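Since the structure comes first, as structure tokens, the remarks are kept for the end.
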Amino acid sequence: MEQNKPQTEQELTQQATVRRQKLADLCEAGHNPFEITKYAQDAYSADLKNEFADLPAEAETGKIVSLAGRMMSKRIMGKASFAHLRDQKGDIQIFVKRDLLGDEAYAAFKKLDIGDIIGVKGEVFRTKMGEISVRISELTLLSKSLLPLPEKFHGLTDREARYRQRYVDLIMNPEVKDTFVKRSLILKEIRAYLDEKGFLEVDTPILTPFEIGASARPFYTHHNTLNMDMVLRIETELYLKRLIVGGMDRVYEVGRIFRNEGMDPKHNPEFTTIELYQAFTDFHGMMDLVEEMYKRLALKVCGSLEITYQGKQIDMGHWERLTMVEAVKKYSGVDFNDWKTDEDAIAAAKEHHVELPEVPTKGAILAEFFDAFVEDKLIQPTFIYDYPVEISPLAKRKPTDPAFTERFEYFIDCTEYGNAFSELNDPIDQKARFERQVAERKAIEPDCKAQVDYDYVNALEYGLPPTGGLGFGVDRLVMLLTDSASIRDVLLFPTMKPID
């Protein structure tokens, strides 16, 4: 990988060469900054600005503070200079005066570079120009920046570079950090909500013994000691439902998931989901939970139930509920109930130029109609429920119509955000569906290694209570609540193709 090759001296810019020489000079003089192990930091920029917000111009505070951070600007003005220090909470101006710092230390300060990490001690005051600043009495170089910061590192042209070098992105574009602070807040708030509801957070295996028959493609790896191929999980569902069997009635997992599939603004090969399972409720209970949780998140993170996403106003306070049959009829005019046979459905698909699925049954064709006519109309929060059994191998059939299942997905801005079921708990039905699913996969891909998870069927035979289950993508939710256009904007280190 090209970006991991060490730089040769010829490849280094002149500035970088000068910085290395400065480091060599410091080391020779016995001032190697990389030997310093800690610095007593006792204040932060934003806190000082808040504390002294009412301080008049040219006023002193008498408060001595120790700050540490990266020097982002420097203005040398003879015997006195200004610089800006950026710490965890923002930027603050520092005033460096030769008479106060001393000749030797002031000369050392003048040799510092933008990007160097420093520790400073001094008194907080407000300048004549009205800026809260720190008048420095001590200054320590804590780490030498050997590469110059780019002059510009934002906008569309640099987006690839920003994703590859997130560390530079965070230095140059401090607002980027706000997205990830919000991401952390979102996860914290989801956990708080579920914990209040009596759910227990658990961990289940990431390395699993075989590929299940689902359509998502896994990543394979190999365990040397056991001499067996293993699969990185594509879901957390089957392990979590084993815990419901075991009597843990409300469980959830914030899980890293891996799928060996395409990449686009809404998909990354590894991503974060939350799956949760609650005994003795159904998919309607999960609908209520989603609606309540998303309203709480919108208020907490955005301060309002009305949020803006990519120029569209989204009302998180109002959620529509439609069956898939109702939605297809509403937006395409086609009524599933008019189809008596699979052939009727195939004829309707051809008439409306709808792509036929690999196994063209009535239910699977209904789902294709939904994709073609409905999904791109669902801008406001909408639950679509009662999914065909053909595309819902883990959901419980509707007692009143076994061609459909007690399943919903919910959509915002024409995008699916989560998936929920009344979980299938009939082990005989589950075993038959798994076996059919694996057989269909192998018919299409004879070399695929998919297997039936018979241990999960075995668990069901001990008795899974009626259970509601829900899974949703954290990354898409963060995109929505931070108004981010791409999944790469909400992943600190998105998967990138190597430069070579």
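Bear in mind the structure is a predicted one, so any value in this text is a computation, not a measurement.
- The closest donor-acceptor contact from the side chain of Tyr106 to the backbone of Ala80 lies under 3.5 Å.
- Residues that satisfy the salt bridge (charged side-chain N to carboxylate O under 4.0 Å, His left out) test with Arg488, not counting sequence neighbours, are Glu160.
- With hydrogens and angles ignored, the 3.5 Å screen pairs a side-chain donor or acceptor of Thr208 with a backbone N or O of Val231.
- One side chain, Arg256 or Thr272, offers a donor N or O that lies under 3.5 Å from an acceptor on the other.
- Geometric assessment of Arg250 against the ring of Phe199 yields a positive cation-pi assignment under the 6.0 Å and 45° thresholds.
- Glu253 places no side-chain N or O within 3.5 Å of a backbone atom of Glu201 that could act as its donor or acceptor partner.
- Remark: side-chain polar atoms of Thr221 are not paired, donor with acceptor, to backbone N or O of Met230 under 3.5 angstrom.
- In terms of modelled atom types and a separation under 3.5 Å, the side chain of Thr61 and the main chain of Val124 share a donor-acceptor contact.
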_Step-by-step side chain to side chain contact (heavy atoms under 4.5 Å, CB included) determination, Ile499 to Arg164_ = CA-CA 10 Å; Ile499 302 169; Arg164 289 181 192 282; 3.6 Å; yes
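- Under the 3.5 Å distance criterion, the side-chain polar atoms of Lys74 are matched with a main-chain donor or acceptor of Leu112.
- Ile307 CD1 to Gln313 CD: the interatomic distance, rounded to the nearest 0.5 Å, is 9.0 Å.
- For the residue pair Glu291/Tyr410, the side-chain donor-acceptor check at 3.5 Å is not satisfied.
- Partners of Glu60 under the salt bridge (charged side-chain N to carboxylate O under 4.0 Å, His left out) rule, at least two apart in sequence or in another chain, are Arg135.
- Side chain of Arg86 to backbone of Met72: no donor-acceptor contact under 3.5 angstrom is found.
- With contacts defined as side-chain heavy-atom distances shorter than 4.5 Å, the pair Met71/Leu85 does not qualify.
- Side-chain atoms of Asp169 and Gln165 form no donor-acceptor pair, as typed in the model, at a separation below 3.5 Å.
- Both tests hold for Lys449 against Tyr220: distance to the six-membered ring centre under 6.0 Å, angle to the ring axis within 45°.
- For the pairing with Asp489, the salt bridge (Lys or Arg N to Asp or Glu O under 4.0 Å) check across Arg162, Arg476, Arg159 returns one residue only, Arg159.
- Using bins of under 30°, 30° to 60° and over 60° for the plane-to-plane angle, the ring pair Tyr294/Trp319 lands in the perpendicular bin.
- Residues satisfying the salt bridge (charged side-chain N to carboxylate O under 4.0 Å, His left out) criterion with Lys22, sequence neighbours excluded, are Asp113.
- Applying the side chain to side chain donor-acceptor pair (under 3.5 Å) criterion to Asn32, with sequence neighbours excluded, gives no partner residue.
- Side-chain N or O atoms of Ser45 include none that pairs as donor or acceptor with a backbone N or O of Ile92 at under 3.5 Å.
- Counting heavy atoms from C-beta on, the side chains of Leu243 and Tyr277 never come closer than 4.5 Å.
- Here the side chain of Ser484 pairs no donor or acceptor atom with the backbone of Ser486 at under 3.5 angstrom.
- Here salt bridge (Lys or Arg N to Asp or Glu O under 4.0 Å) pairs that include residues 28-47, with residues two or more places apart or in two chains, are Asp47-Lys89.
- Note on Asp475 versus Lys266: no salt bridge recorded, every NZ/NE/NH1/NH2 to OD/OE distance being 4.0 Å or above.
- Between the side chain of Lys377 and the main chain of Phe373, a donor-acceptor pair closer than 3.5 Å is present.
- Residues satisfying the salt bridge (charged side-chain N to carboxylate O under 4.0 Å, His left out) test with Arg70, not counting sequence neighbours, are none.
- Checked against the 6.0 Å centroid threshold, Phe370 and Phe411 count as a close aromatic pair.
- We find that Arg441 and Glu445 are joined by a salt bridge, their nearest charged nitrogen and carboxylate oxygen being less than 4.0 Å apart.
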*Would Leu141 and Ile118 satisfy side chain to side chain contact (heavy atoms under 4.5 Å, CB included), going step by step from the backbone distance to the final call?*
CA-CA 5 Å; Leu141 176 61; Ile118 56 175; 4.3 Å; yes
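- No more than 12 heavy-atom neighbours from other residues, nucleotides or ligands sit within 6.0 angstrom of CD on Glu358.
- Side-chain polar atoms of Asp195 and Tyr252 form a donor-acceptor pair below 3.5 angstrom.
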